[in-house]
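Just so we're on the same page: letters track the sequence lines, and every chain starts at 1.
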There are 2 protein chains.
Amino acid sequence: MQDTKERIVSLADQLIKSRGYNAFSYKDISDPLEIKNAAIHYHFPTKTDLGMAVIDVEMQHFMAGTGKLAAQPEDKQLKFLFDTFSKKHKEGLVCLMGSLSPDYDTLPEPLQDKISGLSAAILEWTTGCLERGREKGLFRFEGEASDRALLVISNLLASLLLSRVMGSKVFGRITHQLLRDLGAGK
Amino acid sequence: MQDTKERIVSLADQLIKSRGYNAFSYKDISDPLEIKNAAIHYHFPTKTDLGMAVIDVEMQHFMAGTGKLAAQPEDKQLKFLFDTFSKKHKEGLVCLMGSLSPDYDTLPEPLQDKISGLSAAILEWTTGCLERGREKGLFRFEGEASDRALLVISNLLASLLLSRVMGSKVFGRITHQLLRDLGAGK
DNA sequence: TTGTATACTTACTTACAAGTAAGTAATTTT
DNA sequence: AAAATTACTTACTTGTAAGTAAGTATACAA
């Protein structure tokens, strides 16, 4: 039954994005799934193994999602990124990197490396999207595309975090301003 | 000896900003200060009390710092905000809100309220700064000053988080782009 | 039909975080 | 000089997180 394994990863993913890596335990997973904590250790011997699996799945989803859109115009592609974050916002979650980066120094090295890998992939993709979009006249902005991509990611990440602290309207205010700065939808 | 009490808060502040609220324990404070954990409980009966004290001190520092600059031109005032974050960046720390917001939902309500209060104060101050600065021609940007202030705070917060994950150069790249977007120093 | 792999459970161990109760030494107040 | 307050320590308790060793039920394979 691959089913249990997938449910464990899925719940762990949600827990990381809602409460943070250091604030959830195997009990938070075993209780709702009505299994014993040892069942989780059977699939994922250590919490690090589970964390790795969560990031692997996130990476796979990202690759699959962007892969499907590769032929679309860049403004549509960028919308995919914004929609991904918008969905998390509606669920009251933050993004993986937003959740894991404050705890980064407390995480085991293999986990750190996976997180860095994921962030590099997202930055690379966003950079390419903005770069090509600007050439086509879909976006208008100054400076290096990679710097602008960093700004976009930085804002999306923080908008989810700040929504929690400052109220949910913050997400829309930040993303709206962000899109305006890119000269998108113009 | 008020000294011990202050050292406890100061260390707790550093621990929150380096490892996160849920990832530090009283032992991380009692060991370096060479006191017993009960000594911390004497000053701060619960971890929540300690967390509250950390935020209180942060708020006091913010009020004192901005208060001193009230007569200065707005671009200098904004520089104070950037310098505050730059200092944290050099120390490898993130800001309080960056550290506490992912764990927000796991925190006791009084702590949540204090964090929200602090964030509101920072947003209010930044909004005023940008607003008056734009009127004087020190800044140039579109949209509501409060939305732009949100963007500034969002980027500063995220730049510290992302520096950990993506490498320390990220901080400078984000802040540089941010200042350019405000038409500052021009 | 016996054996082996899979997916668990039962029942632990170890470690440590958070908090408390009672005691003590030094200072300060009356 | 006695009493009270301050700032701790000693020595706990309770709870929980992470992990493990050994056993069991089921399926499927040789």
Once you round it to whole Å, what is the distance between [atom2] of [N] and [atom1] of [X]?
X     : N      : atom1 : atom2 : value
B/K5  : D/dA7  : NZ    : P     : 8 Å
B/I8  : D/dA7  : CD1   : C1'   : 10 Å
B/Y42 : C/dG23 : OH    : P     : 18 Å

Query - Pi-cation contact, A/Y21 with A/K47 (under 6.0 Å, within 45°) - result: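 Relative to the ring axis of A/Y21, which defines the angle, A/K47 lies inside both limits.
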Report task. Cation-pi check, B/K79 to B/F82: give yes when NZ or CZ is under 6.0 Å from the six-membered ring centre and within 45° of the ring axis, no otherwise. Result ->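 Checked: cation-pi criterion not met.
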Query raised in the report: Between D/dC8 and B/H43, is there an OP1 or OP2 to side-chain N/O distance shorter than 4.0 Å?
Result: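 For D/dC8, OP1 or OP2 has a side-chain N or O of B/H43 closer than 4.0 Å.
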Query raised in the report: Within less than 4.0 Å of OP1 or OP2 of C/dC8, is there a side-chain N or O belonging to A/T4?
Result: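 Yes.
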Query raised in the report: Can you list the residues that meet the ring-ring contact (aromatic ring centres under 6.0 Å, His included) rule with B/F44, with sequence neighbours excluded?
Result: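 If we apply the ring-ring contact (aromatic ring centres under 6.0 Å, His included) test to B/F44, skipping adjacent residues, there are no hits.
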Query - Chi angles and distances behind the salt bridge (charged side-chain N to carboxylate O under 4.0 Å, His left out) call for B/K17, A/D105 - result: CA-CA 11 Å; B/K17 289 169 181 167; A/D105 292 349; over 6 Å; no
Query - Neighbours of DNA chain D within residues 21-41 of chain B, by heavy-atom distance under 4.0 Å - result: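 The stretch gives B/I35, B/K36, B/A38, B/A39 as the residues lying under 4.0 Å from the strand, ordered by number.
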Report task. Check whether any side-chain heavy atom of B/K36 sits under 4.5 Å from a side-chain heavy atom of B/S30, and report yes or no. Result ->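 Heavy-atom side-chain distance check fails, nothing below 4.5 Å.
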Query - A/E91, CD atom: more than 12 neighbouring heavy atoms under 6.0 Å - result: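 Enclosed: over 12 neighbouring heavy atoms sit under 6.0 Å from CD of A/E91.
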